[in-house]
Number of protein chains: 2
Amino acid sequence: MPSPEEQGLPLEEMTYRRLREALVSGAVLPGDRLSIRGVAASLGVSAMPARTALRRLAAEQALDMLPSGTAVVPRLTRAGFAELSAVRAELEPLAVRLAAAHLPEADLAELAGLVAAHDAAREAADADAAQAADRDFLFRIYRAAQAPLLLGLIETLWLRRGPLFRSVGALVAASGGLRHNHAAMLDALRRGAGEAAAALLRREIEEATRFIQSKVRFEGDDTAAERLAAIGRAGRNAEVRAPVSLSLHRRRTKRPE
Amino acid sequence: MPSPEEQGLPLEEMTYRRLREALVSGAVLPGDRLSIRGVAASLGVSAMPARTALRRLAAEQALDMLPSGTAVVPRLTRAGFAELSAVRAELEPLAVRLAAAHLPEADLAELAGLVAAHDAAREAADADAAQAADRDFLFRIYRAAQAPLLLGLIETLWLRRGPLFRSVGALVAASGGLRHNHAAMLDALRRGAGEAAAALLRREIEEATRFIQSKVRFEGDDTAAERLAAIGRAGRNAEVRAPVSLSLHRRRTKRPE
DNA sequence: CCTGACATTATGTGATCACATTTCCACCGT
DNA sequence: ACGGTGGAAATGTGATCACATAATGTCAGG
């Protein structure tokens, strides 16, 4: 059952968008296997568009591929998350610098509106809306950079972060949330201070990364480490590294529908 | 006729690698259309692997897609090249910083060998070999960063630069070539000075970019601008921007085989 | 209760075909 | 000579099938 605005689109495009949405919304979880016939049946399309869409996501690194060719929603390890954040901390400030050169007044007004929307959503304790406003704020700037290659890279980074983000969202909101100072960034952009705005964004990304790393339990640094520590002499909790191989035979979450 | 080391690989992987090689080697030129049946016939495979490989390259932004779905080798405009270089100048130094943390002695020795190979190739006036040694030197470091996501991004950047690179290669060699100070970078890495090595690489990328931008005529900044300037009052050569749309009906280079 | 081999199922790959659309080119009228 | 028009060739999309392989469950033996 295609949604209204999907009329006329190629089936492959529709399948791709739905899978993408499933990734960012958390409808599929890290570790889930996505088989060609499985998604084809789930989305009511034939195997061909499903295959193309899956391979496309894999090429964008939004999905991993087992050696057998099966697509799997990537598990974000602590190291992987750190790497992702490091790349974001380079590319997104670059986009801000590029955008600062040509931000028309209309865009600045729209950005101000998004800051206001964010604040309003926070007042209403609507974490999802606040988060959406933040995201729109940033991507409005990224689009203004008029750098299609860079924009595509940033989008794939966010896509890859998607699965994690959903599971952390509630936690972040409960902990008081990240306090993005987008108003200050907007001020810098108004002044044409691209470097300052970029520096603010970089700090924002780095702080959010530290916050999440301190709060979230990642794949791989799971209870195996604690079990090992418990078996060993108690007291010594330093230097305990979780061998990833130990968590291999953990039950994989099934997702039949 | 599959090459020896391609035995056992899926046809899609073989097709993908061949297309990739065709891109970086300059066997296909910017603006060339790559049709499914065309590459299938050229590479002796059926339409299916050809389709998959083309879509994969497109997802990696190594190929552009016309609205009709036909793949086309991207034309690199001046702005596009500047963007590509800006992204490289952020990501590749990041990889150097990450790699500096864990570079075993064996890798350092290998890097020294590559620097020597580069110098030897320069002595022999073998521009291709010197360039290959430079490339290997950098990617050895990037791989050592143990950041698969970042490495994948860097590879797609180089892939997209591929078509241009070939056409510029001879020019660069004739002009005396870029003098990459990889020996200094290796020294910095030996000292564990990751930041210094990263700064050296950034300067190298920025200088190479400036050099190429000063020497190369890109798609879009072609003679249309000059014709416009000639039509207008002579003398005023400032502010003449080449409208891209003017070069649209230029003859497209055919590439039947 | 666990471990191994075996049969069954699921899955990816590749091939081929039909169909709608786009692209290209020759032809014709002005 | 120029430009529009028609049709033929080329092209992408999607569907379906066959085949090899990987994954899974089963069952007998320890």
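Naming convention: chains lettered A, B, ... in sequence-line order (proteins, then strands); numbering from 1 in each chain.
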- [ ] Tell whether A:Arg51 reaches the base of C:dG14 with its side chain through a donor-acceptor pair below 3.5 angstrom.
- [x] yes

TODO: For the pair A:Glu83 and A:Arg160, find out whether any cationic side-chain nitrogen is under 4.0 Å from an anionic carboxylate oxygen.
DONE: no

Task: Partners meeting side chain to side chain contact (heavy atoms under 4.5 Å, CB included) with B:Asp136 (sequence neighbours left out) - done: B:Leu114

- [ ] State whether the distance check finds a donor on one side and an acceptor on the other, under 3.5 Å, for side chain A:Arg37 versus base C:dG12.
- [x] yes

Task: Shortest side-chain distance from B:Ile36, nucleotide among D:dT13, D:dT16, C:dT13 - done: D:dT13

TODO: May I have the distance from B:Met14 (atom CE) to C:dG14 (atom C1'), rounded to whole angstrom?
DONE: 12 Å

Open item on the list: Rounded to whole Å, how long is the line connecting atom CG of A:Leu9 with atom P of D:dT13?
Closed with: 13 Å

Task: Any side-chain donor near an acceptor of the partner, B:Tyr16 and B:Glu21, under 3.5 Å - done: no

Task: Nearest-Å distance for atom pair CG/C1', residues B:Leu66 and C:dT21 - done: 14 Å

Open item on the list: At less than 4.0 Å, is any side-chain N or O atom of A:Arg55 found next to OP1 or OP2 of C:dG12? Yes or no.
Closed with: no

Open item on the list: Can you identify which nucleotide, out of C:dG14, D:dA15, D:dT16, has its nearest atom closest to the A:Pro49 side chain?
Closed with: D:dA15

Open item on the list: Could you work out, with side chain to side chain contact (heavy atoms under 4.5 Å, CB included) as the rule, every residue matching A:Ser68, not counting sequence neighbours?
Closed with: A:Leu66, A:Thr70

Open item on the list: So if I take every side-chain heavy atom of B:Ser35 and compare against C:dT16, D:dT16, D:dG12, which nucleotide ends up nearest?
Closed with: D:dG12

TODO: Rounded off to whole Å, could you give me the CG-to-P distance for the B:Asp32 and D:dT11 pair?
DONE: 13 Å

TODO: Round to the nearest Å and state the distance from A:Met48 atom CE to C:dT11 atom C1'.
DONE: 15 Å

Open item on the list: Between B:Glu12 and A:Arg55, does any NZ, NE, NH1 or NH2 come within less than 4.0 Å of an OD or OE carboxylate oxygen?
Closed with: yes

Task: N/O (side chain, A:Thr70) to phosphate O (OP1/OP2, C:dT11) under 4.0 Å - done: no

Task: C:dG14 phosphate, OP1 or OP2, under 4.0 Å from B:Ser46 side-chain N/O - done: no

Task: For atom CZ of B:Arg33 and atom P of D:dA10, their distance in whole Å - done: 15 Å

Open item on the list: Closest-nucleotide mapping onto DNA chain D: is A:Val45 or B:Leu54 further toward the 5' terminus? I mean the 5' end.
Closed with: B:Leu54

